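Below you'll find the structure, written out as structure tokens, and then a few comments.
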There are 2 protein chains.
Amino acid sequence: MRPKLTDVAEKAGCSPTTVSRVINNYGYISQKTKDRVYAAMRELNYQPNTLARSLQGKQTKMIGVIVPSITNPFFAELVAKIEEQLSDDGYKMILCNAEQDSIKERQYLRMLEANQVDGIIAGSHNLDIEDYRRFGLPIVSFDRDLASSVPIVGSDNYQGGCLASQALVDAGCKHIYFIGNPNKTGNPTFYRFEGYADTMAKANLTVHTARSAFYESPSAKAAALKELLASERKIDGVFCSDDMTAILLLRVAKNLGIKVPEELKVVGFDGTQLIQNYEPDLATIVQPIGDLAGMLVKLLYERIADPSKPLAQNSYLLPVKLLKNQTI
Amino acid sequence: MRPKLTDVAEKAGCSPTTVSRVINNYGYISQKTKDRVYAAMRELNYQPNTLARSLQGKQTKMIGVIVPSITNPFFAELVAKIEEQLSDDGYKMILCNAEQDSIKERQYLRMLEANQVDGIIAGSHNLDIEDYRRFGLPIVSFDRDLASSVPIVGSDNYQGGCLASQALVDAGCKHIYFIGNPNKTGNPTFYRFEGYADTMAKANLTVHTARSAFYESPSAKAAALKELLASERKIDGVFCSDDMTAILLLRVAKNLGIKVPEELKVVGFDGTQLIQNYEPDLATIVQPIGDLAGMLVKLLYERIADPSKPLAQNSYLLPVKLLKNQTI
DNA sequence: TGATCTCTGTCAATCGTTTGACAGAAAAAT
DNA sequence: ATTTTTCTGTCAAACGATTGACAGAGATCA
């Protein structure tokens, strides 16, 4: 049986109230009593029951983190950074993998509410804004405008789109494609596309788009890319909205005998450690994953500390960097 | 304010006890009353407070999952599968990223205990067996012998080592290296090495090992691999204990102008979807990630249902498959 | 000496449920 | 008409803590 507060009190020769006061640092307690209580706690290997504490009104110290897919290296690294921060601060993370499933995401939201989490970091984007607006708990959103009461943290996707496209222009490309799925407004990809489109306009180049949805299978994507490269032989530059697609493109190009970067230049987006370590040739836009995680967590803490406090800023766009590499 | 049990009772025109009985399906309740209660619950958007329920003695429906690194694609995919299962069964997952830190891992264990999780899936291996033995909660372990009371689920690493090595032998390799870190017994890598060593013995070939620790940085690893390939020009086959190292090796070989598979054949280990999708040339040993996750979860449920029930089996080794590809 | 401050303790209410004991009513079976 | 079964309800204790009110002790200060 796990020891409880009264066991500690008995061992320390004092009342349960005193033990609770030592734990919560509440009221007047002499150092001597404190020491005795701590000793008893150690001896019994006592830990307060967090359930009981939370029921009493204390925080649960639990944070829900909803991501679209943990197997996506970008989100894996983001989650790892978030978890590191949270655990340093004594928080627990309930991880929710929402995939492309809005029903599942809604269930997660209900579940997190029922579990009295202190707050939520929402990185998945399947639900209507309505679902989030009527949600009572502190939320911060990653990369997506949810509601006016919810602060957004994300990379400056527009800037990234400009940087990547400009790099291709500067490298002399004349037929530059954008590969991604910018159909939904408010999507990060949409802003990357806008950066691309504006840069094309400035350089007097035509906009070319090849749709590639996030949830398509890699082999389907690869087939589509092959089709594209084979039929449109004039392509000399591609800005991929994510690195994984860029890798597929590099592979397809190699198989078709297209030389990178001589005949085709490629820039990706995300710049995870995984990519930097295992695909070091790929030029890409690096998102500041650690900073993003830090900002998400920091803002969430602020919301938790005072949910009614008006937001200083609704949106926090962190700068990205171009990583110049062999594919450009 | 969130509605509580008594609010539902009031709305449904019955006592709190009755509402609780409807929720818990306990005692005699007429269909008419049930319907009234359900209607009231829906109308108020009521959800039982899980904290209060758990405090009362119900399960928390929370599972702790401890992994060494969520950014490792293998663990990312394993965690995704585990989470999928758990969430289908109404469980929540607290994710713990232990890195190489035994102090952190011990803290996690304490934290999970304090949070009354129903059970733990332990995939990290920094702690002494002692720490786990005196742990009161149901545990299952991934790939590591923790204590006699803890069932182990893992791939048949020995078989994998044999398969990979035999494939290299069959392909005509004469100087086959093992790259990995088999120093600790009980490590998965150790059994992969044993499979390799036994296969070498059977084929009358010499064992060659190049240490490569899990936690070394990829660039350090790459440098070591370059050194190895440059100095030992006779190497014609390598069995890498994980795919990520294999990828580095392929890259290093390419840079040195060593042709794969003509001059050097490579087999990896893990066979994640990521590798199969984005490095489809790599021959590797595929671990059945979905089955591993399913088995871990199933065994944990059994432990939770009856912790005192003796284990039918201490160890569950799932078969692996050789994925023959261009690098062999 | 009296007033103030510090320490320790008891008591009871509270958080939101669950559940056993018990009672009474209606419905069904004998 | 009587017994049994089914339904609904009240009451109270419990889960393991927190915390305000209150009281009394000893120490310190004026």
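Since we're looking at a predicted model, the values are computed, not measured. Per chain, numbering begins at 1; letters A, B, ... match sequence-line order.
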Indicate whether the side chain of [X] and that of [Y] have a donor and an acceptor atom separated by less than 3.5 Å.
X      : Y      : answer
A:Y91  : A:D118 : no
B:D143 : B:N157 : yes
B:T60  : B:Q116 : no

Given atom [atom1] of [X] and atom [atom2] of [N], what is their separation to the nearest angstrom?
X      : N      : atom1 : atom2 : value
B:Y28  : C:dC22 : OH    : P     : 17 Å
B:N25  : D:dC7  : CG    : P     : 12 Å
B:D35  : D:dC7  : CG    : P     : 13 Å
A:N115 : C:dG16 : CG    : P     : 15 Å
A:K32  : D:dA27 : NZ    : C1'   : 13 Å

A:K11/A:E43 ion pair, N-O < 4.0 Å: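 Judged by the 4.0 Å cut-off on N to carboxylate O distance, A:K11 and A:E43 do form a salt bridge.
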
For nucleotides 12-19 of chain D, just jot down a letter per nucleotide in 5' to 3' order: B, S or -, based on protein non-hydrogen atoms under 4.0 Å. --BBBBBB

State which residues pass side chain to side chain donor-acceptor pair (under 3.5 Å) with A:Y316; sequence neighbours excluded, sorted by chain then number.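 Checked A:Y316 against side chain to side chain donor-acceptor pair (under 3.5 Å); zero matches.
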
Atom NZ of B:K61: over 12 foreign heavy atoms under 6.0 Å: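 Buried by this count: over 12 neighbours within 6.0 Å.
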
Between B:T18 and D:dG9, is there a contact of a side-chain N or O with OP1 or OP2 at under 4.0 Å?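 Indeed, a polar side-chain atom of B:T18 lies that close.
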
